[in-house]
2 protein chains.
Amino acid sequence: MSDSWFDRHRERLDSAVAAIASREFYSAFDESPSPRVYGEEAAPAGRAAFDAWLDGDFPLTAAGAEGTVATERSPYGFELGVRYPHVTDPDALLAAAAAGMRPWRDAGPDGRTAVCLEILDRLHARIFELANAVQHTSGQAFVMAFQAGGAHALDRALEAIAYAWVEMTRTPRTALWEKPGRGEPLRMEKTFTIVPRGVALVIGCNTFPTWNSWPGLFASLVTGNAVVVKPHPSAVLPLAITVQVCQEVLAEAGFDPRLVVLAAEERGQKLAATLARRAEVRIIDYTGGNAFGEWLEDQAHQAVVFTEKAGVNTVVIDSTSDFAGMCQNLAFSFSLYSGQMCTAPQNVFVPAGGIETDAGHKSVDEIAAGIGAALDRLLGDDARAVELLGGIVNTDIPARVERAAGRGRVLVPSREVRHPAYADATVRTPLLVGLTADDADTYTSECFGPVAYLIETADTIESLALFDHTVARHGAMTASVYSTSEEVVDDMREAALEVGVALSENLTGGVFVNQSAAFSDFHGTGANPAANASYTDGAYVASRFRVVQSRRHV
Amino acid sequence: MSDSWFDRHRERLDSAVAAIASREFYSAFDESPSPRVYGEEAAPAGRAAFDAWLDGDFPLTAAGAEGTVATERSPYGFELGVRYPHVTDPDALLAAAAAGMRPWRDAGPDGRTAVCLEILDRLHARIFELANAVQHTSGQAFVMAFQAGGAHALDRALEAIAYAWVEMTRTPRTALWEKPGRGEPLRMEKTFTIVPRGVALVIGCNTFPTWNSWPGLFASLVTGNAVVVKPHPSAVLPLAITVQVCQEVLAEAGFDPRLVVLAAEERGQKLAATLARRAEVRIIDYTGGNAFGEWLEDQAHQAVVFTEKAGVNTVVIDSTSDFAGMCQNLAFSFSLYSGQMCTAPQNVFVPAGGIETDAGHKSVDEIAAGIGAALDRLLGDDARAVELLGGIVNTDIPARVERAAGRGRVLVPSREVRHPAYADATVRTPLLVGLTADDADTYTSECFGPVAYLIETADTIESLALFDHTVARHGAMTASVYSTSEEVVDDMREAALEVGVALSENLTGGVFVNQSAAFSDFHGTGANPAANASYTDGAYVASRFRVVQSRRHV
């Protein structure tokens, strides 16, 4: 079975491997939810499949589970009511996950890669269902849920599989070693086997349940490990569907389906912390807040820990040759999914004296007005606005936006938007607050949600110094610069290298700082406090397995 | 400078890269100290160079140093008396090391690789001097010091450099990304830069000061990091020479020579522990005892920690078609450097009822006698014996050997050997002690030195179970099996995969379980408690650097 799957998916694997080496554009899964691409039936069928899960028992059996939990409420204002097996016995859960590891190891790199690529195909076949599940757990608008939570997440998963396959196959399965000597050479036959580390734990987040979980899940699975998927209690369904597909394909290929298991919990059960310290758990992938991420890095010594936490994403504005394009680009980045992205810009440093632009000198207030006008164009119509903003993912955020408004000068107020289809959805436009360089207490921590700060500095030199200082200390997933001066761009590049953050320069068109393209852009660097890992580089896959050799004379 | 060095060493790099992919035989540095290879003058010149260091000030200046330390005594019975700058101020030391990192980063993968390969060439030119330094710090016999401490260490260093170069260059320096769209494609130019993690700390050991330090040193240096080399107080000189050569080549190429610094300390100063917790230190390579290795793994959260500790290396004897060859091979492995190798076999499990061999059935006592006779042949002549045994590296070991003799039945006693050239050297032949499966208190910990246990089990099934159990818990660097049964060998292979240890099968000739060949054999697996890393795999290099990108429209 897995032989024929390997052949079937070989071209896709080869293309992915070529793309990660060239970093040129590649995508294996079409990001357009258009009927022209996916057919007329796909969207309604996906919605119906999603609806069918609501208020029912999700058909997964889990070792170590007793009873069920239902913890999800759509940010669009309704209870999902899906019931999942409630994991209460980590011993039984981990034992079941580990039980099938030997045949999975023996399947070898190609065999496991075939199974994982087949899983991606089956997930792709359910992309509309997944998009609905992502929309109604994360609050992303549908098209974004389809793209980020579906097509792009599949691309990131494929990227992780491709990296892992390259890494596993760089050592041959066997080798003949002949050492010349005085008489007969010494001859040894050697066998090299890829062995897993153990059980891997994937700790999902609320905002990107698939995009942020799939790279670690597939990197661990394809390298031979069993995977326990611990979803965020508010975003279980996308990962339940994922586990269901993994189990279906594993079983079809003759492997123990429990190699991938769902560990659903009650809110507040702290199942992730319990599992993370278990001796059996040798790999942890985590996306979420800094406190628990740092706890994992410090406490889970028995495991290799990959974290993506949060930072203070920064924009340095020095000057621009396209003022309108800059304002439009920033407004879009602030608005996309209401800034509820680990990559959304927050701190915008700008000289207090204003900047030179193609539209003449612009004061700080004029820049704010330019961004405000761009926000109005993007978000002025409620029906269009909700397609960009999505819903506010949790109830803490509106109060946080209000508090942020009190911390400085409100340059662009946040507005409540009425969702035309979901009356109970909470939707807010971005708030832009004016600060000064002295307001470090405010801008040195992440204010998760639709909040950005326009921070006045003495000049671009101070902007760069503050960028350097805040990101080195507090981390960042992204950084961005606007300048017509090659020297300033060079200085920003150098600062970005120093503090270890990816930089986007003068984005004024259809590419946004919060978006990264699989196979070409690295997401996170692992070089600053916001994340200790990157999607995807060699370091993300190389330590998920080990090579064990045996040798004998021939 | 580094351009021409890259060209000069390109063929060697390419050969090494090809060898790590094929795992076929390759060596770049001749292991024979013969005058036919290195010329008549090389050996006496190397000895003279070594002698010239004795009782003098080693000419290194170190930031953060005050006064000097002289802590080395040759296991062959004389004080080295070499004085090194005594590091007392970690702040100054680390600041100096980090000062030159930016130009070193900007040299790029090829530039840094060229410098590192040139360093290897210069170290090779001093191989006889290094061999003397290794001999008179570790106690290894001269030829072993030349091979393991010189040629093989150079090969292992080259291997680490080759792995790192492959890993750094798999991402291109620049890429053009074109995403097709409805109108014009989106076009971005992207730049990818390899950035270092920070300052790397290499903590050397007494027994293999070069072989165990160079892979980490060069893996960190070539990936752009500064390296602080903290030698064992009893084995400073080989690493002082190493640092001297690194600084000479770095300076010649226009880089800050303090990118590699020596951190010599007083015995008991605990400088490694102080440095290991510093925020600037982002990579640690350690070889040594389990207690400090585990402390590093648990406590140095700010760093990536690579450890090679110790375990209980195990031999399972089931049967053999070459009894004499088996006894000879085991006797050699026990004798080489008096068993003072992390790879030397210690626990030999054998069925109490004896084994079938080509020379008929052999009881446990007959096996012991066979090994004893082989030891006599190898070590009967003192002058030849010392060339295999070398000297006992520290004063704890003779007492440990005596205690071990009291823990079971002495099958082959340890004998004191008089070194014909060094009257004050301590030289001991291996002790073989008979135990039973019940003596787990004795055989589940490493007895470092010339001690091996012949452990009677009910049968090979119990031997395999004990192998599995002890290695899973206590780790091992090596494992070995003797059996004429394909089924037993298969079971042992499976057990070795399960517990994650490299296996040698039926070694009866000129390959020994304690020896691994660079470019072909992995040293350590990282998959059991004896080590969390392997020389060398992708995981050993991939996390020593990060990729930071910038992107812009074109």
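This one's a predicted model, so the numbers in the text were calculated from it and none came from an experiment. Chain A is the first sequence line, chain B the second, and so forth, proteins listed ahead of strands; every chain is numbered from 1.
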For this session: Determine whether Glu167(B) and Glu167(A) make a side-chain contact, defined as any pair of heavy atoms from C-beta on separated by less than 4.5 Å.
Result: yes

Seminar exercise, completed: Under 4.5 Å to a heavy atom of chain A? For Leu186(B) that would be side chain

Exercise. Are Lys179(A) and Glu24(B) close enough for a salt bridge, meaning some N to O gap below 4.0 Å?
Worked result: no

Problem set entry | Which atom of Asp298(A) lies closest to which atom of His301(B), heavy atoms considered | O-NE2, 3.0 Å

Exercise. For chain B, which of Pro185(A), Ser543(A), Ser504(A), Gly500(A) has the most heavy-atom pairs under 4.5 Å?
Worked result: Ser504(A)

Seminar exercise, completed: chain A shares the most heavy-atom pairs under 4.5 Å, among Leu503(B), Val489(B), Thr191(B), Val541(B), with Leu503(B)

For this session: Name the region of Glu498(B), side chain, backbone, both or neither, that has any atom closer than 4.5 Å to a heavy atom of chain A.
Result: both

Exercise. Sub-3.5 Å donor-acceptor pair from the side chain of Gln549(B) to the main-chain atoms of Phe522(A), do we have one?
Worked result: yes

Seminar exercise, completed: Among Phe545(A), Tyr26(A), Phe25(A), the residue with the most heavy-atom pairs under 4.5 Å to chain B is Phe25(A)

For this session: Let me know if Val501(B) has heavy atoms under 4.5 Å from chain A in its side chain, its backbone, both or neither.
Result: backbone

Problem set entry | Part of Arg105(B) lying under 4.5 Å from any heavy atom of chain A | side chain

Seminar exercise, completed: Here the pair of heavy atoms bringing Gly509(A) nearest to His553(B) is N-NE2, 4.0 Å

Exercise. Top residue by heavy-atom pair count (under 4.5 Å) with chain B, among Met188(A), Glu297(A), Arg197(A)?
Worked result: Met188(A)

For this session: For residues Arg546(A) and Gly526(B), report the shortest heavy-atom separation together with the two atoms involved.
Result: NE-O, 3.5 Å

Problem set entry | Residue selection (most heavy-atom pairs with chain A, distance under 4.5 Å) from Val195(B), Asn506(B), Val511(B) | Val511(B)

For this session: Using atom types as modelled and distance alone, determine if a side-chain donor or acceptor of Arg170(A) lies under 3.5 Å from a backbone N or O of Asp537(B).
Result: no

Exercise. With a 4.5 angstrom heavy-atom cut-off, which part of Val547(B) approaches chain A: side chain, backbone, both or neither?
Worked result: both

Problem set entry | Heavy-atom pair of closest approach, residues Pro172(B) and Ala21(A) | CD-O, 3.0 Å

Seminar exercise, completed: Counting heavy-atom pairs under 4.5 angstrom with chain B, the leader among Ser520(A), Ala517(A), Ala175(A), Ala479(A) is Ser520(A)

Problem set entry | Spacing of CG belonging to Asp106(A) relative to CG belonging to Leu497(B), to within rounding of 0.5 Å | 7.5 Å

For this session: Examine whether an atom of Arg23(B) lies under 4.5 Å from a heavy atom of chain A, and if so say whether it belongs to the side chain, the backbone or both; otherwise answer neither.
Result: both

For this session: Calculate, to the nearest 0.5 Å, the distance between atoms CZ and CG belonging to Phe192(A) and Asp521(B) respectively.
Result: 6.5 Å

Seminar exercise, completed: Interface check, chain A: of Thr508(B), Leu507(B), Thr174(B), most non-hydrogen pairs under 4.5 Å belong to Leu507(B)

Exercise. Ala502(B) versus chain A, heavy atoms under 4.5 Å apart: side chain, backbone, both or neither?
Worked result: both

Exercise. Non-hydrogen atoms of chain A under 4.5 Å away: do they reach the side chain of Glu184(B), the backbone, both or neither?
Worked result: neither

For this session: For the pair Arg102(A) and Glu494(B), evaluate salt bridge (Lys or Arg N to Asp or Glu O under 4.0 Å) and give the outcome as yes or no after the intermediate values.
Result: CA-CA 10 Å; Arg102(A) 183 173 161 184; Glu494(B) 175 54 31; 3.2 Å; yes

For this session: Taking all non-hydrogen atoms of both residues into account, name the closest pair between Arg551(A) and Gln515(B) and its distance.
Result: NH2-O, 2.9 Å

Problem set entry | Among the listed options Pro180(B), Gly198(B), Ala533(B), Ser534(B), the residue most often paired with chain A at heavy-atom distances under 4.5 Å | Pro180(B)

For this session: Examine whether an atom of Ser22(B) lies under 4.5 Å from a heavy atom of chain A, and if so say whether it belongs to the side chain, the backbone or both; otherwise answer neither.
Result: backbone

Seminar exercise, completed: d(Thr193(A) OG1, Arg493(B) CZ) to nearest 0.5 Å is 8.5 Å

